[in-house]
Protein chains: 2
Amino acid sequence: MEPDRWLGVELRHLAALQAIAEEGSFGRAARRLGYTQSAVSQQIATLERIVGERLLERPGGPRPVSLTEAGRLLLRHAEAIVARLDAARADMEALSTGAAGTLRVGTYQSVGKRLLPALLRRFRDAWPDVEIRLTESSNDEELLELVERGELDLAFVIYPLVDGPFEVRQLMRDPYVLVVPADSPLAERHRPVSVREVAELPLIGFRQCRSLVQVQSYFRGRGLELDVVFQSDDNGTVQGLVGAGVGSALVPRLTMDEHEERTVMLELEPRVPPRLIGIAWHRDRYRSPASRAFVETAAELAAELEAAANSAAAPAAA
Amino acid sequence: MEPDRWLGVELRHLAALQAIAEEGSFGRAARRLGYTQSAVSQQIATLERIVGERLLERPGGPRPVSLTEAGRLLLRHAEAIVARLDAARADMEALSTGAAGTLRVGTYQSVGKRLLPALLRRFRDAWPDVEIRLTESSNDEELLELVERGELDLAFVIYPLVDGPFEVRQLMRDPYVLVVPADSPLAERHRPVSVREVAELPLIGFRQCRSLVQVQSYFRGRGLELDVVFQSDDNGTVQGLVGAGVGSALVPRLTMDEHEERTVMLELEPRVPPRLIGIAWHRDRYRSPASRAFVETAAELAAELEAAANSAAAPAAA
DNA sequence: AGCCAGCGATCAGGTTCCATGATCGATATC
DNA sequence: GATATCGATCATGGAACCTGATCGCTGGCT
């Protein structure tokens, strides 16, 4: 098979394949794309001739068309290619507009609650014409996939990162704390809790969270096993259940609301190694001035937040 | 900048940009790609019009052309896109030779427990690059709907099939057995149970199961009525309840765990027609080599399983 | 069984695109 | 000033691409 023949594949053909897969018929796909049904039929015929496989099953009559295995395979590549083209367009726009444009940033819940609001306010003051478009996920590895595909410009991440074409700037350390009901005996002691005591508590944890895996590894390294009796994806749910006396939670400090009166955050003794939060981007992509500035602003703000948290915690550790 | 305009970017344009960057001139790039110099000039002009930036500096005379900053930026994306196209071509080639891809298989609990684990192991040994994606349902008619819509490539089914665009390969006969508590009088007799005796027992059955409907029909044909006192969807629950003495169960052999010590499986006399298990696919769709191999492997394994079950049952029938 | 609706493939035809070859203007070298 | 090299532009023929019409197939309804 000649390479040149595959260079005859056209992005609008791939877009047609995508539209057909979603709509289930050539006619509806054609309407969506602004063609007639016969034009789309011919585009797909051209694409099938180039790739040498049938991409769609045409059952006839009113039944929907569906992708063949070859069609599904090609569609995955098509989606990645179209996403990369979108990234190229975003980079080109960032280059030509310099001080304006859009930044697509991936974030997850705990960063979203504490760091991000202040970061957005500060960044907008400095770059009023840059639009920040946020994507939230509970899974930072998913965010990194989007960075790799070019669908995100930046993403908040937790160390260690999965292997990939990334560069990362470390932002801050987010220590683990034990969150207990405010009226519990542990809360009234006003001093750190030993890891041995923690292992004896019923714990509420996060469902999809590499942090939990990390602290479980730490505890196992000390011959202890955590007793996780309930899991949730929602920070508020976790903290609410702790406040209701259902259990305690061993979680990164940033995930909790320090103003919640029904719970108290306690340090551990010895300290569990904190999770490290960073911000990553694709090593091969153009880094606009806005993107660089966003990373710098995030680093400044994270340093301030960390300093403030350390000075607030110091009296309790005395 | 409209998304559709960027869909007008052509992969051969990106390849031209790449060739020019490497050769330093339109003419040499044209020769490499098999065009004239003016064709490449027009391709780049089209590309520059679409992306809205100059991509190349043309100093004039014999000096080499060079990429602008925008050109370098786009080239990085072009390289990634062309690489992804190459990957698509490689995958398509692997698919057409049957060496890779994904198979989506619908299954239900009893097949999942007994036949499927061994089948997956054997199939993966032979086709390590084919990914099997399973969908489980308690209702094989639902699986057939998914086959019809193209959302499943294959599905395990029970005869008779609902009408539809299906082809099916029969895999095995799964005879009905009476499952009784190990310490019950019937268990200690060590001989088949008459259907009349079965009709007098309180029975535990499956909730959504065409098999039960089939045996009920069989018994009604003999003027007998089955006394189903409890129903569940879970094989383990049914067997556990039998072991606990709640009742007996008239079920296909494959649904039970033959190593469970608290229950005993007895043949019936006369034999109830066994249920027939098959594997179906859509008659109109492309059947990849992997799909065909999966069906063959399933048939081989089912024959072995059936032979083993028959030889294990033979002494008891003597 | 016949009729109808919906679907995709194919066809005819007009318009647009694309590549070639020729030519021009710009630049550097001698 | 003459020459070589380069890329842009032009004219042109052939191919591609899209629209609208039509046909054959399928399923649903009467």
Side-chain angles (χ1 to χ4, degrees), chain A residues 4-5 7-17 19-50 53-68 71, chain B residues 4-5 7-17 19-50 54-68 71 144-145 147-150 162-167 282-286:
Chain A
D4 293 343
R5 181 157 133 242
L7 284 176
V9 168
E10 298 202 22
L11 295 164
R12 62 196 176 84
H13 295 165
L14 300 178
L17 183 66
I20 294 167
E22 288 166 14
E23 297 282 352
S25 91
F26 284 46
R28 288 191 293 276
R31 281 193 286 280
R32 182 203 279 192
L33 297 170
Y35 293 110
T36 61
Q37 175 265 322
S38 53
V40 171
S41 182
Q42 291 167 77
Q43 287 177 6
I44 294 303
T46 299
L47 188 57
E48 286 178 331
R49 192 161 55 247
I50 291 172
E53 296 282 347
R54 282 178 70 82
L55 302 172
L56 290 157
E57 299 292 346
R58 288 95 148 162
R63 290 176 290 176
V65 297
S66 58
L67 292 166
T68 62
Chain B
D4 292 343
R5 181 156 131 243
L7 283 177
V9 168
E10 299 202 20
L11 298 168
R12 59 198 176 87
H13 295 167
L14 300 178
L17 183 66
I20 293 167
E22 289 165 13
E23 297 282 352
S25 92
F26 286 46
R28 288 191 293 276
R31 281 192 287 279
R32 180 204 280 192
L33 297 170
Y35 292 110
T36 62
Q37 174 267 323
S38 54
V40 170
S41 179
Q42 291 169 84
Q43 288 177 4
I44 295 302
T46 299
L47 187 56
E48 285 178 331
R49 191 163 57 248
I50 290 172
R54 283 179 69 84
L55 303 172
L56 292 156
E57 300 290 349
R58 289 93 147 163
R63 289 178 289 179
V65 298
S66 59
L67 291 166
T68 62
L144 283 171
E145 279 178 29
V147 170
E148 180 162 7
R149 288 153 53 124
V162 295
D163 279 342
F166 308 116
E167 286 183 14
H282 196 299
R283 96 161 53 95
D284 293 334
R285 288 191 51 212
Y286 169 68

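Proteins come first, then strands; the chains are lettered A, B, ... in the order of their sequence lines, and each starts at number 1. Since this is a predicted model, take the numbers as computed values, not measurements.
- Across the protein-nucleic acid pair, A:Glu23 atom CD and C:dG8 atom C1' stand 16 Å apart, rounded to whole Å.
- In this structure, the side chains of A:Arg32 and A:Glu22 come closer than 4.5 Å at one or more pairs of heavy atoms.
- Within the 4.5 Å cutoff, the side chain of B:Thr68 has no heavy atoms near those of the B:Leu56 side chain.
- In this structure, B:Val40 and B:Tyr35 approach most closely via the heavy-atom pair CG2-CB, 4.0 Å.
- Residue A:Gly71 comes nearest to A:Leu17 through the heavy atom pair O-CD2, 4.2 Å, listed as atom of the first residue, atom of the second, then distance.
- Rounding to the nearest 0.5 angstrom, the gap separating the CG atom in A:Leu33 from the CD atom in A:Glu23 is 8.5 Å.
- Sorted by first and then second residue, the pairs that involve residues 36-48 of chain A and meet salt bridge (charged side-chain N to carboxylate O under 4.0 Å, His left out), not counting sequence neighbours, are A:Glu48-A:Arg58.
- The nearest whole Å value for the distance from the CD1 atom in A:Ile44 to the P atom in C:dC7 is 17 Å.
- Listed pair A:Arg58 / C:dC7 fails the phosphate criterion, with no side-chain N or O lying under 4.0 Å from OP1 or OP2.
- Nearest-nucleotide positions on DNA chain D for A:Arg63 and A:Gln37 put A:Gln37 closer to the 5' end.
- Here the closest non-hydrogen pair linking B:Val9 and A:Leu11 is O-CD1, 3.0 Å.
- Nucleic acid contact for B:Val40: none, since no nucleic acid atom lies under 4.0 Å from a heavy atom of the residue.
- Comparing C:dC11, C:dT20, C:dG8 against the side chain of A:Ser38 picks out C:dC11 as the nearest.
- Atom P of nucleotide C:dG21 and atom CZ of B:Phe26 are separated by 19 Å, given to the nearest angstrom.
- Map A:Ser25 and B:Gly61 each onto its nearest nucleotide of DNA chain C; the residue landing nearer the 5' end is A:Ser25.
- Bounding nucleotides for the chain A contact on DNA chain D, 5' to 3', at a heavy-atom distance below 4.0 Å, are D:dC17 to D:dG27.
- Phosphate contact (OP1/OP2 of C:dC7, side-chain N/O of A:Arg28, threshold under 4.0 Å): present.
- Nearest heavy-atom pair across A:Pro59 and A:Val65 is CD-CA, 4.1 Å.
- With contacts defined as side-chain heavy-atom distances shorter than 4.5 Å, the pair A:Ser25/A:Ile20 does not qualify.
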Expected rows: protein N/O vs nucleotides 12-18 of chain C N/O, under 3.5 Å:
none

